[in-house]
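Quick one: the structure is below, questions incoming.
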Amino acid sequence: TNSEVSGGQSYSGLADIVLTRIDPRGNIEWVCENSSFNTPGWEYQPRIAVKGDYIYMTLTTVSNSGSSKSSDIVICKFAKSDGSIVWKVQNGQINFPAQYPSPNITSSTVIDTAENDTWLAVSADYDGNAYVAFASSGQISGGESSGDKDIILCKISTSGEKVWNYQSSQINTSGIDLPFDIACKYDDIYVLGYGQQGPGVHRVNKSGNYVSTTSVTPSYFSYSIDN
């Protein structure tokens, strides 16, 4: 939105993301719109996943908030009970509000590349880990760049630390590859992608190892992934 929503904390920029919880009867329980995840620029492409007591949201930001790129990835974790933000990850930094003290963070949380990162999808498991897929023309640390745009997959721990990232020619082509959706099921992660060979479902286990790819014949398709 380009204005402040009733119940929101503050309007921050040209286009804000607003997160709202609505009960089964259609009543608004809370509204979250604030500068914790919005900037003076543009925020768009929000995607959310809900698991247990938390909400995980990814979004793309276009601003001057510490990044030299024209578009960047932001990942946030919220408490489902009141919409308060638990942590935010951007530009390799984990930010914690005062009500959620920072744990002892020891590992890197760089989940993006030096190029523009966009086309997001997010899922979460019952242990509180988040799985984020996005498209980039860049190369993530330890990854293998294959084409014009690659699908990159990252696992983020419940405290906001990066556990692993995956970028490989096993799921990417020499052209443009885009993630449409992502889901967790038992011990595996399923990414619905679209590349030179058409749509396909890529299966990667929760340790970040490639398992398989199943091709889908139609060029035009609708989809649903059972979480």
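Hydrogens, waters and symmetry mates play no part in the numbers below; they use all other heavy atoms, side chains included.
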Check: Taking only residues two or more places apart in sequence or in another chain, which ones pass ring pair (Phe, Tyr, Trp, His ring centres under 6.0 Å) with W119?
Finding: F180

Next item on the list: Give the C-alpha distance, both sets of side-chain angles, the deciding distance and a yes or no for side chain to side chain contact (heavy atoms under 4.5 Å, CB included) between T60 and L120.
Entry: CA-CA 8 Å; T60 301; L120 306 174; 3.6 Å; yes

Check: So how far is it from D177 CG to N172 CG, rounded to the nearest 0.5 Å?
Finding: 4.5 Å

Notebook entry, point to check: Given N116 and T118, is the side chain to side chain contact (heavy atoms under 4.5 Å, CB included) satisfied, shown in steps?
Noted result: CA-CA 7 Å; N116 293 328; T118 185; 5.9 Å; no

Next item on the list: List for me each residue that meets side chain to side chain donor-acceptor pair (under 3.5 Å) alongside N27, sequence neighbours excluded, and say none if there are none.
Entry: D23

Checklist line | Inter-residue atom distance I75.CD1 - I73.CD1, 0.5 Å rounding | finding: 6.5 Å

Next item on the list: Examine distances only and state if a side-chain atom of W164 and a backbone atom of L153 form a donor-acceptor pair shorter than 3.5 Å.
Entry: no

Item checked: side chain to side chain donor-acceptor pair (under 3.5 Å) involving T58 - partner list, sequence neighbours excluded -> none

Item checked: Any donor-acceptor N or O pair under 3.5 Å, side chains Q139, S145 -> no

Margin query: Using 0.5 Å steps for rounding, measure from the NZ atom of K51 to the OH atom of Y56.
Written below: 9.5 Å

Notebook entry, point to check: For the atom pair OG (S157) and NZ (K77), what is the distance rounded to the nearest 0.5 Å?
Noted result: 8.0 Å

Margin query: Quick check: closest heavy atoms across T113 and G138, and the distance to 0.1 Å?
Written below: OG1-CA, 3.8 Å

Next item on the list: Spell out, as yes or no, whether a donor-acceptor pair under 3.5 Å connects the side chain of N209 to the backbone of N205.
Entry: no

Checklist line | Rounded distance (nearest 0.5 Å) linking atom SG of C32 with atom CE of M57 | finding: 7.0 Å

Next item on the list: Say whether, by atom type as modelled, one donor and one acceptor occur between the side chain of W87 and the main chain of T158 under 3.5 angstrom.
Entry: yes

Check: Looking only at atom types and distance, does a side-chain atom of Q167 sit under 3.5 Å from a main-chain N or O of I140, one as donor and one as acceptor?
Finding: yes

Next item on the list: Locate the shortest heavy-atom distance separating P179 from A135; write the atom from each residue and the value.
Entry: CD-CB, 3.9 Å

Margin query: How close do Q196 and S174 get, counting heavy atoms only, and between which atoms?
Written below: OE1-OG, 3.3 Å

Notebook entry, point to check: Can you pull the salt bridge (Lys or Arg N to Asp or Glu O under 4.0 Å) pairs that have at least one residue in residues 132-145, sequence neighbours excluded?
Noted result: none

Next item on the list: Tell me whether L192 is reachable from V211 by hopping between hydrophobic residues (I, L, V, M, F, W, Y) whose side-chain heavy atoms are closer than 4.5 Å.
Entry: no

Margin query: Closer than 3.5 angstrom, by distance alone: can the side chain of R21 be matched with the main-chain N or O of G83 as a donor-acceptor pair?
Written below: no

Notebook entry, point to check: If every non-hydrogen atom of S168 is compared with every non-hydrogen atom of S146, which pair is closest and at what distance?
Noted result: C-OG, 3.9 Å

Note to self: If I compare all heavy atoms of A133 with all of V191, which pair ends up nearest, and what's the gap?
What the structure shows: CB-CG1, 4.4 Å

Next item on the list: Using modelled atom types only, decide if a donor and an acceptor are shared between the side chain of K149 and the backbone of L178 within a distance under 3.5 Å.
Entry: no

Notebook entry, point to check: Any salt bridge (Lys or Arg N to Asp or Glu O under 4.0 Å) pairs touching residues 196-211, not counting sequence neighbours?
Noted result: D125-K206, D188-R203

Check: Where is the tightest heavy-atom contact between C154 and F134, given as atom of each residue plus distance?
Finding: SG-CE2, 4.1 Å

Notebook entry, point to check: Quick one: side chain to side chain donor-acceptor pair (under 3.5 Å) partners of Q197, sequence neighbours excluded?
Noted result: none

Check: Atom CD1 in I171, atom CD1 in I152: separation rounded to 0.5 Å?
Finding: 9.0 Å

